[in-house]
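Values below: all heavy atoms of this structure, side chains included; hydrogens, waters and symmetry mates excluded. Quick caveat, the model's predicted, so the values are computed rather than measured.
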Amino acid sequence: MYRLSLYLPLIGNKKKNLKKINQSLSSVHSIDMSTLWIIFVFLSTFAKGSLSTDSYNALQDDGIQYRLPNATKPETYDIYISTSVHNQNFTFEGSVSIVILVTEDTSSITLHSHRLHTIHGVSLLQEEGRVEIPLTGSTYDDNNNFLTIPLVSGVLERDRRYVLNIVFDSTLQDDPRGFYKSSYVDDSGNVRYLATTQLGMTDARHAFPCFDEARYRANFSIRIRHGSNYHAVSNMPIDNTADDGSGMTTTTFLTTPLAPTYILAYTISDFVYASNGNSGTDSIPIRTYARSNAIHGASYSVEVGEKLLMAYDDYLGVKFALPKMDQVAVADFPFSAMENWGMVVYKEPVLLLFPNSTHATKTRITTIIAHEFAHQWFGNLVTPKWWTWTWLSEGFSTLFEHLATNWVFPEWNINDYYVYNTLQNVFQSDAEDSTRPMSTYAESPAAILDVLDSVTYAKASCVLRMIMHAITEDVFKSGLRNYFRERAYLAADENDLFDAMAESILANVPSANRVDITAIMSSWTQQKGYPFLTITRNYDTGSISVRQDRYQSYIPAQMDRSLWWIPLNYASATSYDFTNTTAQRWLSNVDRSTTITQTNEWTADDWVIFNKRETGYFRVLYDAQNYKIITRELVEGDLSKIHLTSRSQLVDDALNFAKTGRLPYSVVFELIGYLEKEREFVPWASAFRGLEFVHRIMAGSASYEHLRTFTLNLVDGLFDYIGIKDLGDNEPHFNKDLRILATNWACRLGSINCIEKTNAELRQNWDNIHSNMRPTIYCNGLRANGDNDFSSLMIILYDTVDSTERNNILAALGCSSNEAQLKVYIQTSLGNNYLSAAENYQVFTAVMENGELGLNVALDFLDNYLAEAVVAYGNTNMNNAIIATANKIVGSDREQRFIPILQRALPSGQISVQSYNESLKIVEDNKNWLTNHQGSIDNWLNDFYKSSGNTVAAGMLSVLVVLASCFRYI
């Protein structure tokens, strides 16, 4: 949760950093012009004692000064809160006493406060002697939430301490920011209220006046007065409780270690808890709090939480800093979770695991707990100095959520899943012009929230993973231990991490193999986007040319000049060791290309694959001959020689290179033909994601029957292999995801075998459908076009209150292949007593995504009922519905129906200008893609089905392909 303000910690040690600059200049052969320019800018400002953030990456801000003055900083807080939320009294009273160290002579104190109704009783005392200092009151600036407290006269003297006391009162917020009210319904149908906090990233100021910036760490002592039938939980264990005899109890907590404001937390509720009972000598108390009618779902989070916490202790070499860990499940929490130190708060569905919970739910709960527990070190023990370096917290936590899950459940192989789910996902957004560098300065609260994007979480984790593999995990782990040793209970920026890694390399790597880790890592943190390598082999000499260019979602008219330090590793048919992912050599950020000379590691007939197991954050494009050799190995040889994540990479890269015009689709279709033999989830998931786009764009074209037949031919064998029956623990973890993908695609492509099996399961085994397969069976079972099945599901939808089951049915009803049923169903989205606004939107989406048939029904619906839909869905959902529909608009017939809807909706305010413009762009992009690529795809498919043996196969499969218009895009 943070970002880059390179107005730097470099200034903290001028002598040390001037030495670093001199060393860099002495090795100028490894520095490009952009680096020299940065050094120039730094030197030009260094003498002034400050560095403007304008010289560095920055989000667009509004020009208001949001940073607190540097004249004072907090050392301790004593916080008191009194609430009667147990009586449904939503006002609260509070006070805060802050010991402040003056760092520069100043005539006022400025701190943060926001949405606190009344500030009164402000006083300031000298810490020594407790002499009160006269004040003139206080002023408040709502633009930057500054509460300024000026002195009547004189100044507060540098290096002296003062005690600032503020009394305030307010109301528990209705929205989940600061100190807010939440609720749940008990088994008797009564609404029960609780009070809890969400203080990140800049919302502690909504709970009490404070220095609400991550760079300020202090010790916090917290006291909470609450109803005696409720209890309070906070970051630290309870020190004591005192009942005042009036039905109110004051709970006092132990003082925290040095911490920033945004990871404080407290909850006042009647929740109950499950615990580990502090069962082992090496374990600490772990409790999960939840409402009493859901506490039976808490045991898994306690069990896996204990294992994860102990695993982090062992790996990082630093013990968890607090004496206990609490987890709290709050129904309406705004995020999946918040990493408050020693008291993590979760949205209820991502913490509680019930007997009927799905495999996906268990996986998600595990990885989210692992993510939040990683924050106890990355972000809490060491905090980014400013939101500029948010990735030091979120990037590491995203990486370690997978690493730690793998420590506890190695049989899941979740590190392979990471390649598909995290790395290949972020490749999409990071290829757009709108992307940004990992380290980007932001100042306003709105801009700071924008930091919480895929660059901070996913990309940063991928870059860190790349470095870990390139320098070896042992060296990387040693660097992390250095980092925690040097910066524990302090704030850090990227240079602190680089220094820790450099120290580890110096200690653990032979001098001949050492690299400049600062130069390497900053080439990834300080510029946006990512590269792709073009691999061109000379089959006569055996040499290989490697060229780097920035990868973008289109081929730019003018070449982007960005260059990176790229770790190179490779395997071949002769040397196919995919276990060693260390960098064999580096391509520097001053070299556009390099040549690798012939070695005994490959021959002219061998395939060569770069970026083993896709450990590097870049794509790889090969010459045509190498693709042919790789394809031959996969189709005719032993595909196990190529690691499954590298197979996934080959498929994902090829489909994206073809999508952007860098690789002919003929090469791609030849390559993915090997999938008939593939039985692993990750390569198939990559293939399905890329093929979804091709199917969506090509639907309705003359050659689409051939495309569908080709894809079904690939999927049929997989469906027969995996079946529709969940095997519990007697199968690989991600086979469950593979079964869902295979069933959805086989049925959507019209496999009679799939449709008959899923419909039989729906009709004959309704009560015993495994929870993992329930949404899939519901949806695909309805494709058999049975009126009774559709009506039965509609009745069940209206009768059930279980949110998971409702979501399953809402999605499934849109899968019908009966036009009349879809028209009836989409009409229900216009508002009734059974569906919420969000569910109304779900109905529309379920129908619209149901191939040609569903799209036609959706377009007729928008044409006739758009005004009513806006009321039923809400403005945000309506805009989302329009954009989602735009993605399906390909071809003049669809355009002629959709564009007039947009043109009528905009003037009447039924959609936003942004949605209108984005929808038009999507439609135009779809049209351009079809113009550029349809011909080559048509030609390959036609040639493929004219070749020997394929004509008969195509004819037979065409008989089996039913429900042609009902292909539903994933």
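- In this structure, R205 does not pair ionically with D203, as no charged nitrogen and carboxylate oxygen lie closer than 4.0 Å.
- Between E372 and Q327 there is no side-chain heavy-atom pair separated by less than 4.5 Å.
- Under the 3.5 Å distance criterion, with hydrogens and angles disregarded, a donor-acceptor pair is assigned to the side chains of T366 and Y300.
- Aromatic ring orientation, F320 versus W377: tilted (interplanar angle from 30° to 60°).
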**Message:** Using the rule given for ring pair (Phe, Tyr, Trp, His ring centres under 6.0 Å), can you reason through F335 versus Y346, listing the C-alpha separation, both sets of side-chain angles and the distance that settles it, and then say yes or no?
**Reply:** CA-CA 7 Å; F335 307 107; Y346 301 80; over 10 Å; no

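- Looking only at side-chain heavy atoms (C-beta outward), N219 and Y77 stay at 4.5 Å or farther from each other.
- You'll find the side chain of F378 stays beyond 4.5 Å of the side chain of T383, heavy atoms only.
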**Request:** Evaluate side chain to side chain donor-acceptor pair (under 3.5 Å) for S393 paired with H375, printing each intermediate quantity in order.
**Result:** CA-CA 7 Å; S393 176; H375 274 306; 3.0 Å; yes

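- Of the inter-residue distances, the one linking E443 atom CD with I64 atom CD1 reads 10.0 Å to the nearest 0.5 angstrom.
- Here the CD1-CG distance, from I268 to L172, works out to 8.0 Å after rounding to the nearest 0.5 Å.
- Residues S234 and A265 share a closest heavy-atom pair of OG-O, 2.7 Å.
- Side-chain atoms of H371 and E394 form a donor-acceptor pair, as typed in the model, at a separation below 3.5 Å.
- Between F208 and F179, the gap from one ring centroid to the other reaches at least 6.0 Å.
- Side-chain rings of F92 and H226 stay apart, their centers remaining 6.0 Å or farther from each other.
- Each of F90, F271, Y230 was compared with Y193 under the ring-ring contact (aromatic ring centres under 6.0 Å, His included) criterion, and only F90 meets it.
- The ring-ring contact (aromatic ring centres under 6.0 Å, His included) test with Y312 singles out one residue from F396, W407, F484, F373, and that residue is W407.
- Side-chain contact between E348 and V330: absent, with no pair of heavy atoms (C-beta onward) separated by less than 4.5 Å.
- Side-chain atoms of S771 and T358 include no donor-acceptor pair closer than 3.5 Å.
- Contact between I448 and T202 at its shortest, heavy atoms only, is CD1-CG2, 4.0 Å.
- When only modelled atom types and interatomic distance are considered, Q842 and N807 share a side-chain donor-acceptor pair under 3.5 Å.
- Between Y483 and L392, some side-chain heavy-atom pair lies under the 4.5 Å cut-off.
- The pair E839-R806 meets the salt-bridge criterion, since a charged nitrogen lies less than 4.0 angstrom from a carboxylate oxygen.
- Taking every heavy atom of both residues into account, K324 and M343 meet most closely at NZ-CB, 4.2 Å.
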**Item:** D453/R436 under salt bridge (Lys or Arg N to Asp or Glu O under 4.0 Å): CA gap, chis, key distance, verdict
**Value:** CA-CA 10 Å; D453 60 5; R436 62 172 182 84; 2.8 Å; yes

**Chi angles and distances behind the side chain to side chain donor-acceptor pair (under 3.5 Å) call for T196, Y266** = CA-CA 6 Å; T196 188; Y266 37 89; over 6 Å; no

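- A side-chain donor from one of T288 and S301 sits under 3.5 Å from a side-chain acceptor of the other.
- Counted by atom type alone, T91 and T171 present zero donor-acceptor pairs between their side chains at under 3.5 Å.
- Considering all non-hydrogen atoms of both residues, A274 and V302 come closest at O-CG2, 3.5 Å.
- Aromatic ring centres of F211 and H112 lie farther apart than the 6.0 Å criterion allows.
- In this structure, T197 OG1 and I263 CD1 are separated by 12.0 Å, a value rounded to the nearest 0.5 Å.
- Checked options T367, T363, I368, I369; the residue passing with I365 is I369 (criterion: side-chain contact (heavy atoms from CB on, under 4.5 Å)).
- In terms of heavy-atom proximity, H117 sits nearest to S170 at N-OG, 3.4 Å.
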**Candidate pair F427 and Y530, rule ring pair (Phe, Tyr, Trp, His ring centres under 6.0 Å), full reasoning** = CA-CA 8 Å; F427 269 166; Y530 63 94; 4.5 Å; yes

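- With rounding to the nearest 0.5 angstrom, the CG atom of L399 is 9.5 Å from the OG1 atom of T422.
- A salt bridge links R192 with D270: the closest approach of a Lys/Arg side-chain nitrogen to an acidic carboxylate oxygen falls below 4.0 angstrom.
- Checked by atom type, the side-chain pair D212/T261 shows a donor-acceptor distance below 3.5 Å.
- Between the side chains of D430 and Y617, at least one donor-acceptor pair of N or O atoms lies under 3.5 Å.
- The closest side-chain heavy-atom distance from V85 to L194 is not below 4.5 Å.
- R689 and N425 share a donor-acceptor pair across their side chains, judged by distance under 3.5 Å alone.
- T398 and S461 share no donor-acceptor pair across their side chains, judged by distance under 3.5 Å alone.
- In this structure, L423 and R465 have side chains that are in contact, with non-hydrogen atoms separated by less than 4.5 Å.
- Side-chain contact check for N89 and S84: no donor-acceptor pair (N or O, by modelled atom type) lies under 3.5 Å.
- No side-chain N or O of Q198 forms a donor-acceptor pair with one of H206 less than 3.5 Å apart.
- Minimum heavy-atom separation, S182 to D332: OG-OD1, 2.6 Å.
- Two rings, from Y417 and F734, have their centers less than 6.0 Å apart.
- A donor-acceptor pair shorter than 3.5 Å can be found between the side chains of E494 and S439.
- The closest side-chain heavy-atom distance from V426 to C462 is below 4.5 Å.
- One finds a salt bridge joining D175 and R115 here, because a Lys/Arg side-chain nitrogen approaches an Asp/Glu carboxylate oxygen to under 4.0 Å.
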